[in-house]
Amino acid sequence: MESHGSGLRRVTVLAFCVVGIWAAYIYQGVLQETLSTKRFGPDGIRFEHLSFLNLAQNVVCLIWSYIMLKIWSNSNAGGAPLRSFWSAGITNTIGPAMGIEALKYISYPAQVLAKSSKMIPVMLMGTLVYGIRYTLPEYVCTLLVAGGVSMFALLKTSSKTISKLAHPNAPLGYGLCFLNLAFDGFTNATQDSITARYPKTSAWEIMLGMNLWGTIYNMIYMFGWPRGSGFEAVQFCKMHPEAAWDIFLYCLCGAVGQNFIFLTISRFGSLANTTITTTRKFVSIVVSSLLSGNPLSSKQWGCVVMVFSGLSYQIYLKWKKLQRLQKKRKPT
């Protein structure tokens, strides 16, 4: 009975994590798309300063992580010093800014698909730079994702979707997304290096360090000179309070979502987190298509299925590999 109760609690916590991640990030996606396509006020002015979202997100997550450390952390002895995050903070500032800016040029579903193809640059770098050999199933996953994203990009986007974009330009939009992936790759590698050097570093300390440097860099970029774009963004929010409210909710969703991601990884591992976030991206595309009036053609839906079939197969391969490692570790 005790093991049954423990199993039920585990399933309940997992369901809680799934709902939390899906709710936070799907709603954040809706807000992100709203801010990039909506026309505010009687003059129908667009919010052009999408990079301001990154600064606002950094500030909210910085405050959130500091509060969490004060509440939950017993001691920070042995954790990584804040100065060690300066280089990862640079790429973590530039990368997301490019991903958000891409929404001026391509639709939200296209951006989600492009950013879902992280395995492509990872495998290319692994093969060309480090000489890593991948298995045939891994190449199949990559081909499915690459083929789906490429076909989606080549297919004609509906005129209704294009009319909502600030500056329709598919090559530029996809280019920004793939640069975002490249910078994210460096950010992840640097974070791994930091945690390897300082194993006692907690998730909250990583969140604090990354967002501290992100806040510093974004403040310099947006407010470092008299005509910085940050001043214009603040002025826009003063004139259009509904935009300021959307930005606040966007940041809050990001902070809450990170809480659920940390909880998922600590309780169930990174594979479970990858599965939840991957399915969330698919649901985000469906929600965007239904709520935002961005109709996808049957061929485009086929591309979406291709991409997420490849991602799902990759998750399955990782699960099988994890199972084999766990069997090897068991005492004979």
Side-chain angles (χ1 to χ4, degrees), residues 25 28-37 46-61 85-125 145-146 149-150 152-153 157 161-162 164-191 210-224 228-230 232-233 236 246-247 250-251 253-254 257-258 277 281 284-285 288 307:
Y25 286 111
Q28 188 184 49
V30 171
L31 291 167
Q32 188 181 72
E33 187 173 11
T34 299
L35 285 162
S36 65
T37 59
R46 291 180 184 273
F47 182 69
E48 293 282 353
H49 312 288
L50 295 179
S51 296
F52 185 74
L53 294 176
N54 289 323
L55 172 58
Q57 179 85 85
N58 287 146
V59 172
V60 170
C61 288
F85 294 97
W86 73 268
S87 58
I90 294 175
T91 52
N92 195 49
T93 300
I94 300 171
M98 289 182 169
I100 288 180
E101 284 293 315
L103 288 172
K104 292 181 181 179
Y105 310 105
I106 57 176
S107 67
Y108 180 73
Q111 185 226 39
V112 172
L113 277 188
K115 290 176 68 176
S116 298
S117 57
K118 185 179 287 188
M119 70 173 74
I120 299 172
V122 170
M123 288 185 69
L124 279 175
M125 291 294 289
V145 174
V149 173
S150 301
F152 189 97
T157 305
T161 300
I162 291 176
K164 291 185 176 183
L165 301 175
H167 311 287
N169 188 330
L172 179 56
Y174 283 104
L176 287 171
C177 285
F178 289 121
L179 284 173
N180 178 14
L181 292 179
F183 280 107
D184 281 353
F186 182 86
T187 301
N188 294 336
T190 307
Q191 285 178 338
M210 295 296 293
N211 285 292
L212 172 63
W213 286 103
T215 300
I216 293 170
Y217 295 141
N218 274 307
M219 286 292 287
I220 294 170
Y221 168 67
M222 303 204 80
F223 295 97
S229 57
E232 295 179 9
F236 186 95
D246 285 345
I247 291 171
Y250 171 88
C251 298
C253 285
Q258 286 189 38
T277 54
K281 290 175 182 177
S284 292
I285 292 176
S288 173
V307 171

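Computation of the quantities below employed the complete heavy-atom set of this structure, encompassing side-chain atoms and omitting hydrogens, waters and symmetry-equivalent molecules. Residues take their numbers from the sequence shown, with the count starting at 1.
In this structure, Lys104 contributes its side chain and Glu48 its backbone to a donor-acceptor pair below 3.5 Å. Using a distance-only test at 3.5 Å, with no hydrogens or angles considered, a donor-acceptor pair links the side chain of Tyr25 to the main chain of Gln258. Between the Gln111 side chain and the Gly99 main chain, a donor and an acceptor come within less than 3.5 Å of each other.
For the atom pair Phe186 CZ and Ile90 CD1, the distance stands at 8.0 Å (nearest 0.5 Å). The distance from atom CG of Asn211 to atom CG of Asn92, rounded to the nearest 0.5 Å, is 7.5 Å. For the atom pair Ser36 OG and Leu165 CG, the distance stands at 7.5 Å (nearest 0.5 Å). Here the OG1-CG distance, from Thr91 to Asp184, works out to 8.0 Å after rounding to the nearest 0.5 Å. Going from atom NE2 of His49 over to atom CG of Leu55 covers 13.0 Å, rounded to the nearest 0.5 Å. The line from CG of Asn180 to NZ of Lys115 is 5.0 Å long, rounded to the nearest 0.5 Å.
Annotation for Leu31 and Cys253: closest pair CD1-SG, 4.4 Å, computed over non-hydrogen atoms. Shown here for Ala102 and Gly173, the closest heavy-atom pair between the two residues is CB-O, 3.5 Å. Contact record, Gln57 with Gly254: NE2-CA, 3.6 Å, taken as the closest heavy-atom pair.
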Practice task
Kindly indicate, with the supporting measurements, whether the criterion side chain to side chain contact (heavy atoms under 4.5 Å, CB included) is fulfilled by Met210 and Thr187.
Solution key: CA-CA 10 Å; Met210 295 296 293; Thr187 301; 3.6 Å; yes
Handout entry: Tyr108 and Thr37: CA distance, side-chain angles, deciding distance, side chain to side chain contact (heavy atoms under 4.5 Å, CB included) verdict
Key = CA-CA 10 Å; Tyr108 180 73; Thr37 59; over 6 Å; no
Exercise for the section: Mind running side chain to side chain contact (heavy atoms under 4.5 Å, CB included) on Val149 and Phe178 for me, showing each step along the way? Expected result: CA-CA 11 Å; Val149 173; Phe178 289 121; 4.1 Å; yes
Practice task
Run the numbers on Ser87 and Trp213 for side chain to side chain contact (heavy atoms under 4.5 Å, CB included), then give the verdict.
Solution key: CA-CA 9 Å; Ser87 58; Trp213 286 103; over 6 Å; no
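Between the side chains of Asn54 and Asn218, not a single donor N or O lies within less than 3.5 Å of an accepting N or O.
Side-chain contact between Ser116 and Val145: absent, with no pair of heavy atoms (C-beta onward) separated by less than 4.5 Å. For the pair Glu33 and Leu103, the minimum side-chain heavy-atom distance is 4.5 Å or more. Side-chain contact check for Leu212 versus Phe85: every heavy-atom pair is 4.5 Å or farther apart. Inter-residue side-chain proximity for Val112 and Ser288 is flagged as unmet; no heavy-atom pair is nearer than 4.5 Å. Thr34 has its side chain within reach of Asp246: a pair of non-hydrogen atoms, C-beta onward, lies under 4.5 Å apart. In this structure, Ile247 and Phe47 have side chains that are in contact, with non-hydrogen atoms separated by less than 4.5 Å.
By the neighbour-count criterion of 12 heavy atoms within 6.0 Å, atom OH of Tyr221 is sparsely surrounded, having that number or fewer from other residues, nucleotides or ligands.
Ring-plane geometry between Tyr105 and His167 is classed as tilted, the angle between the planes lying from 30 to 60 degrees on a 0 to 90 degree scale.
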